[in-house]
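Quick notes on the structure that follows.
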Amino acid sequence: WVRHVALELLLRVLEQGLQEPQGAVGDGSGESASAMLLRFHATVRGRINDTSILVRRQASKILSFLLVHYPDHPEAVDWAHDLMRRSSDSEHLRNDVMRVFELLWFTTEEPTPKAAMQLARVIDAASTMGMAPADFLGELLTRLKTNVGSREYAESFDFLLRRWTTLLLNEFVQPSLLRSESRKRLARKASERELHHSSAQSQRRALLSTLEAFATAQPEAMIPHL
């Protein structure tokens, strides 16, 4: 009970701070919420596997909230992985997780290479959690197709699919995120270059796994690329 109340209090503080980023009278409440995030997000991640389902739900809510508001945080993908694991707890929680992922990746008109890599790493991790990547992606795309007519989307479902598959293919063939690191590699030690090479291989595997999932879940989306 105490753990549940503590997480609920943290969630309320984050919501208040992020909804009023400058504070009511410029008191810096948004900055305080950000500082609290950096201080407590690891603790919240630990609670997502708590024995109490109420605690797990609260931890999931906080991670969902943080993921939507801080998508560029270094541990954003790890938060997404935690949410995936908990999505099997209940149908309600699974719907919440899918909604967060949809907001994270499919409501922008211009998906970025970084967003593509996030999606790829999450889809690729599905197989390690007892989920078929194509099934998980298919469920996410089915939700997207249902919601495409709403005000959040200016483009058609087919257009969004083409944009995403094109971006994923481009990143697989000539990854921009890796190109941006090319000059830094020259100054690295051999051990650091090996680590970077391993990371590059992992990223390419995730991209390929995601392209395969798209080809299985929405084969027509790949036809323009043949």
Side-chain angles (χ1 to χ4, degrees), residues 67-68 70-81 83-84 87 97-150 152-186 193-226:
L67 191 57
V68 170
Y70 294 91
D72 295 327
H73 190 280
E75 294 191 34
V77 172
D78 293 327
W79 297 343
H81 289 168
L83 290 174
M84 285 179 69
S87 67
V97 170
M98 288 297 181
R99 178 180 57 81
V100 168
F101 288 170
E102 184 183 2
L103 288 172
L104 188 62
W105 296 309
F106 294 115
T107 55
T108 176
E109 295 182 4
E110 293 292 340
T112 64
K114 187 168 187 176
M117 199 64 249
Q118 282 186 339
L119 174 65
R121 288 176 61 189
V122 169
I123 296 300
D124 184 51
S127 60
T128 68
M129 303 177 193
M131 310 175 191
D135 291 345
F136 189 84
L137 177 63
E139 185 177 347
L140 186 57
L141 293 178
T142 297
R143 180 188 177 95
L144 173 65
K145 188 173 185 178
T146 301
N147 295 335
V148 150
S150 66
E152 289 99 341
Y153 300 95
E155 310 292 353
S156 70
F157 178 71
D158 291 339
F159 183 87
L160 288 170
L161 281 186
R162 286 197 300 272
R163 177 166 286 180
W164 269 98
T165 53
T166 298
L167 177 59
L168 289 164
L169 280 166
N170 287 342
E171 288 303 301
F172 180 76
V173 174
Q174 196 173 16
S176 61
L177 293 180
L178 295 182
R179 289 201 306 273
S180 67
E181 293 288 320
S182 59
R183 287 191 294 270
K184 296 179 182 178
R185 279 184 298 178
L186 298 177
R193 289 197 297 270
E194 290 176 4
L195 182 62
H196 179 82
H197 177 73
S198 175
S199 175
Q201 291 295 100
S202 175
Q203 290 183 20
R204 287 177 64 84
R205 185 194 67 240
L207 288 164
L208 181 59
S209 175
T210 305
L211 286 166
E212 289 176 345
F214 265 99
T216 301
Q218 293 286 336
E220 64 276 9
M222 305 303 294
I223 293 176
H225 303 293
L226 297 178

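All heavy atoms count here, side chains included; hydrogens, waters and symmetry mates do not.
Separating the CH2 atom in Trp105 from the CD1 atom in Ile123 is a distance of 6.5 Å, to the nearest 0.5 Å. Within the model, atoms CG of Leu119 and CG of Leu167 stand 9.5 Å from one another, a figure rounded to the nearest 0.5 Å. Note: Met98 CE to Asn147 CG = 12.5 Å, rounded to the nearest 0.5 Å. Distance OG/Ser156 to NZ/Lys145: 10.5 Å, rounded to 0.5 Å. Separation of atoms CG (Leu208) and CG (Leu168) is listed at 11.0 Å; rounding is to 0.5 Å. Once rounded to the nearest 0.5 Å, the distance linking OG1 of Thr165 with CE of Met222 reads 6.0 Å.
In this structure, Gln118 contributes its side chain and Pro71 its backbone to a donor-acceptor pair below 3.5 Å. Between the side chain of Arg121 and the backbone N or O of Gln203 there is no donor-acceptor pair closer than 3.5 Å. Formation of a donor-acceptor pair under 3.5 Å by the Thr210 side chain with backbone atoms of Ala206 is found in this model.
Taking each heavy atom of His225 and Ala221 in turn, the nearest pair found is CD2-O, 3.6 Å. Of all non-hydrogen atoms in Pro111 and Trp164, the two that sit nearest each other are CB-CZ2, 3.5 Å.
Shown here are the side-chain contact (heavy atoms from CB on, under 4.5 Å) partners of Leu141, two or more places apart in sequence or in another chain: Phe106, Leu137, Leu144, Phe157, Leu161, Phe214, Gln218. Ala80 is linked by a side-chain contact (heavy atoms from CB on, under 4.5 Å) to Leu67, Phe101, Val122, counting only residues two or more places apart in sequence or in another chain.
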Listed pairs under 3.5 Å, donor-acceptor, residues 127-135 side chains, sequence neighbours left out:
from, atom 1, to, atom 2, distance (Å)
Ser127, OG, Asp124, O, 3.2
Thr128, OG1, Ala125, O, 2.6

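Put simply, the side chain of Met117 reaches to within 4.5 Å of the side chain of Leu207, judged on heavy atoms.
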